[in-house]
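Just so you know, ligand 1 is whichever comes first in the structure, and atom 1 is the first atom listed for that ligand. Along the sequence shown, residues carry numbers from 1.
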Amino acid sequence: MRCPKCLLCLSALLTLLGLKVYIEWTSESRLSKVYLGPQGTLPGPSPASPEPTLPANLSARLGQTGPLPLAYWNQQQRRLGALPSGNSTEEGDCRAWGAAAAAEIPDFTSYPEDLRRFLLSAACRSFPQWLPGGGRGQVPSCAETNIPYLLLAVKSEPGRFAERQAVRETWGGPAPGIRLLFLLGSPVGEGGPDLGPLVAWESHRYSDLLLWDFLDVPFNETLKDLLLLSWLSHHCAGVSFILQAQDDAFVHTPALLDYLRALPPSWARGLYLGEVFSQAKPLRKPGGPFYVPMSFFEGDYPAYASGGGYIIAGRLAPWLLQAAARVAPFPFNDVYIGLCFRALGLAPRAHIGFLTAWPADRRADPCVLRDLLLVRPIRPQESLWLWKHLQDPQLHC
Ligand SMILES: *[C@@H]1O[C@H](CO)[C@@H](O)[C@H](O)[C@H]1NC(C)=O
Ligand SMILES: *[C@@H]1O[C@H](CO)[C@@H](O)[C@H](O)[C@H]1NC(C)=O
Ligand SMILES: *[C@@H]1O[C@H](CO)[C@@H](O)[C@H](O)[C@H]1NC(C)=O
């Protein structure tokens, strides 16, 4: 066939086709960089606005619109202007809130002991820092020139030395833009051994323990969140993101950083990200885990991120503190944070890379972990092993 024009046409067509394929390929890989974390979720319908607001009447926000249930929490929330600020000069006030709850709830004496103890002191939220030996080991404020991009705030308990050390030696280790802090209650405890001297040594050695003088029990976990947020506003304002995790979590920090850096700014501004429970209801079995009596709370839980590990935008810290002053106390920390976000009009975002209930019999495999952001619970030894393998350039999956 002699047709130089046809040949010319054909080669032009092929070039165009190649160009189209190339453009599609590059824009797709760019897109997947921008929108997909490791196995990330595609952008879903975004919540109305990434900007928090706090209306004067929170009832509608918190779903309290129908006839008012008799349960104590619901009644309180409808009435609540603000909780007593609970600082030491108003100690009496915050205890009075608890005493009133005990008097008004008809079957208060049948509540589980930890729930009763929680309610009696729930409005007391201001505690001094527990400072080891004459103030040594005080956690330094952030330098103005060195505000962390990502603050790792790890909830621990005084006796969990091995868990903390494993975090320091693995995912919480020193890295640019990262700061690690552990959140703890008093090491003196109640009826247990006095861990004060050991914790004081650890604090002096690592300067990464934020300790407050309250009893370190699960129902006091919300205190750790709120006291951290207020510490940050005084000592480390301007953090871009805060990861709230437990000390038995394993975080794939480099992947998490990649994910956060690639977030569209409109997501990043109102971020509340993790494994989201959107249909949870209170459990009503007396004596069972997470039991909530009908006389205390009626209704469904808000959508909330599992307390095993979630991320918030640092700029929301002051907003959360304002919301918490107006949302009636609730015993479960993650549900409570969910309520505060709902009060602000912000919805949690789910990411499938957060697995906060890793099955005990499932071995944590570096090839699986490589594509995840946060898994728990993981034992300290396993954390070390995983971290080592994740760093290995020879890792073949
Ligand atoms: C807040 O709103 C609820 C329902 O929308 C209403 O019943 C209640 O009276 C309001 N509270 C105040 C203090 O205005
Ligand atoms: C505690 O409350 C009093 C009175 O409202 C106030 O003057 C004081 O500044 C508060 N202290 C703290 C630490 O918030
Ligand atoms: C939380 O800590 C405070 C202060 O130590 C204590 O009074 C309260 O009983 C603790 N809460 C629970 C549920 O034990």
Problem set entry | Spacing of OG belonging to Ser207 relative to CG belonging to Leu181, to within rounding of 0.5 Å | 10.5 Å
Quick check for students: name every N or O atom pair between ligand 3 and the protein closer than 3.5 Å, with distances.
unit_1: ligand 3; atom_1: 2 (O); unit_2: Leu215; atom_2: N; d: 3.4
unit_1: ligand 3; atom_1: 2 (O); unit_2: Asn220; atom_2: ND2; d: 2.4
unit_1: ligand 3; atom_1: 5 (O); unit_2: Leu215; atom_2: N; d: 3.0
unit_1: ligand 3; atom_1: 9 (O); unit_2: Arg117; atom_2: NH2; d: 3.3
unit_1: ligand 3; atom_1: 11 (N); unit_2: Asn220; atom_2: OD1; d: 3.4
unit_1: ligand 3; atom_1: 11 (N); unit_2: Asn220; atom_2: ND2; d: 3.2
unit_1: ligand 3; atom_1: 14 (O); unit_2: Arg117; atom_2: NE; d: 3.2

For this session: Could you grab the distance from atom CD of Glu382 to atom OG1 of Thr170, nearest 0.5 Å is fine?
Result: 12.0 Å
Seminar exercise, completed: For Arg116, the salt bridge (Lys or Arg N to Asp or Glu O under 4.0 Å) test, sequence neighbours excluded, returns none
For this session: Would you mind telling me which of Ile378, Val154, Leu386, Leu374 makes a side-chain contact (heavy atoms from CB on, under 4.5 Å) with Trp171?
Result: Val154
For this session: Determine, for Trp319 and Arg315, whether the Lys NZ or Arg CZ falls below 6.0 Å from the six-membered ring centre while staying within 45 degrees of the axis.
Result: no
Exercise. For the side-chain contact (heavy atoms from CB on, under 4.5 Å) test, which of Pro331, Pro282, Pro69 pairs with Phe297?
Worked result: Pro282
